[in-house]
Protein chains: 2
Amino acid sequence: MTTTTAADRRAHAKTQYNAFLAACPSQRLLARISGKWVALVLSALGSGPDCDGEPRPLRNSELARILAGVSPKMLSQTLRSLERDGLVTRTVTPTVPVTVSYELTDLGLSLHRTVRELKRWAEANRDAVTANQQRYDGA
Amino acid sequence: MTTTTAADRRAHAKTQYNAFLAACPSQRLLARISGKWVALVLSALGSGPDCDGEPRPLRNSELARILAGVSPKMLSQTLRSLERDGLVTRTVTPTVPVTVSYELTDLGLSLHRTVRELKRWAEANRDAVTANQQRYDGA
DNA sequence: CAGCATCCGATCGGATACTG
DNA sequence: CAGTATCCGATCGGATGCTG
């Protein structure tokens, strides 16, 4: 009985596909930037504390202030994953108490520019999307 | 006792910030495209079944085949949210059994182009990021 | 000041089974 | 064929408390 069921085939396809997805750069990138705070951190570091200036390094506490609602845990977690990917650098200055500052790398800067494109799309089409949603919900 | 604690202030800031985030177009956009299948659906509809052609409408089952590992639930859910946002159209042809096809709207097409930029960044920098991660993990 | 550990609720996504 | 409903595990993100 070589009954290969549809479920079997799907299971196999899924395994294959998961492997593909895991290697897929687009998926990895999306996973990277889709965190709740990632884009905001990139934005803060890439546009300065007022979100409309030049890139410049920021201290942990400055970031915490700019990203008003962030918990220490998520800020830390976000920054470490960005550091791991080589998108930001972490610099420790051994003052008392210690000072830590974060800065975009060139790689991070280039991603920031790309993300800004997305942001522009969002700003340009926000109203259209909202209108579509309301039309859809009303129908 | 007007002891406004740091926690109080943070709670307030958080409420404010959550409201801001909810309205923030960037956040909404990220929430939109960061679903596991959203980018893949956009990509399939925007580049044809071989992911390297012209945009063209696809049937539900075609999408299911292209996105090999997707469950019916997530495919449906993803498509409906995209439809709600006015990024895809859903067309029902009353054959027997019914035929449903999905197609990018102009809005969806413009988002697809933006997402492709991200994808290009990912492909161009995948190796650099992977190398950074390995260096980080080894250290 | 910076960051980690723990606990917990909310949400996401998958498996399965069922309807028009 | 297309879509829905339910259940469940995994993950995400927040709150709190503690360390160097």
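Each chain gets a letter, A, B and so on, in the order the sequences are listed, and its residues count up from 1. What you see below is based on every heavy atom in this structure, not just the backbone, and it leaves out hydrogens, waters and symmetry mates.
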I need the CH2-P distance between B/Trp37 and C/dG13, as an integer number of Å.
10 Å

Flag side-chain contact, heavy atom, 4.5 Å: A/Trp37 against A/Leu42:
no

Taking the side chain as every heavy atom from C-beta outward, state whether B/Leu58 and B/Tyr102 have any pair of such atoms under 4.5 Å apart.
no

B/Val115/B/His112 under side-chain contact (heavy atoms from CB on, under 4.5 Å): CA gap, chis, key distance, verdict
CA-CA 5 Å; B/Val115 170; B/His112 173 244; 5.5 Å; no

Kindly determine whether A/Glu123 and A/Arg120 satisfy salt bridge (Lys or Arg N to Asp or Glu O under 4.0 Å), including the steps that lead there.
CA-CA 5 Å; A/Glu123 285 161 356; A/Arg120 289 205 187 91; over 6 Å; no

Interatomic distance, A/Leu75 CG vs D/dC12 C1' [rounded to whole Å]:
16 Å

Rounded to whole Å, CG of B/Leu30 lies from P of D/dG13 at a distance of 12 Å

Could you tell me if the side chain of A/Ile33 sits less than 4.5 Å from the side chain of B/Leu118, heavy atoms only?
yes

By nearest atom, which of the nucleotides C/dG20, D/dG3, C/dA2 is closest to the B/Val98 side chain?
C/dG20

Close side-chain approach of A/Asp137 to B/Arg84, heavy-atom, < 4.5 Å
yes

Grab the CD-C1' distance between A/Glu83 and C/dA2 for me, whole Å please.
13 Å

In whole angstrom, give the distance that lies between atom CG of A/Leu79 and atom P of C/dC1.
16 Å

Under 4.0 angstrom between B/Arg59 side-chain N/O and D/dC1 OP1 or OP2:
no

Can you name the residues that form a salt bridge (charged side-chain N to carboxylate O under 4.0 Å, His left out) with B/Asp106, not counting sequence neighbours?
none

Rounded to whole angstroms, how far apart are CG on B/Asn60 and C1' on D/dC1?
8 Å

Is any side-chain N of the basic residue among B/Arg113 and A/Glu117 closer than 4.0 Å to the acidic one's carboxylate O?
no

Looking at C/dC1, D/dA2, D/dG14, which one has an atom nearest to any side-chain atom of A/Lys36?
D/dG14

Please examine the side chains of A/Leu111 and A/Leu29, heavy atoms only from C-beta on, and report whether any two atoms are closer than 4.5 Å.
yes

Calculate the interatomic distance between A/Arg32 atom CZ and D/dC12 atom P; express it in whole Å.
11 Å

Would you say B/Arg90 places a side-chain N or O within less than 4.0 Å of OP1 or OP2 belonging to D/dA2?
no

Quick check for you: among C/dG3, D/dC1, C/dC1, whose closest atom lies nearest to any side-chain atom of A/Ser61?
C/dC1

Give me the bend of the helix from C/dC1-D/dG20 to C/dG20-D/dC1, using the axes of the five pairs at each end, rounded to 10°.
40°

Length of the CG-C1' vector between A/Leu58 and C/dA2, whole Å
15 Å

Given protein heavy atoms under 4.0 Å, the one-letter contact record of nucleotides 4-9 of chain D, with B base, S sugar-phosphate only and - none, is simply S-B---

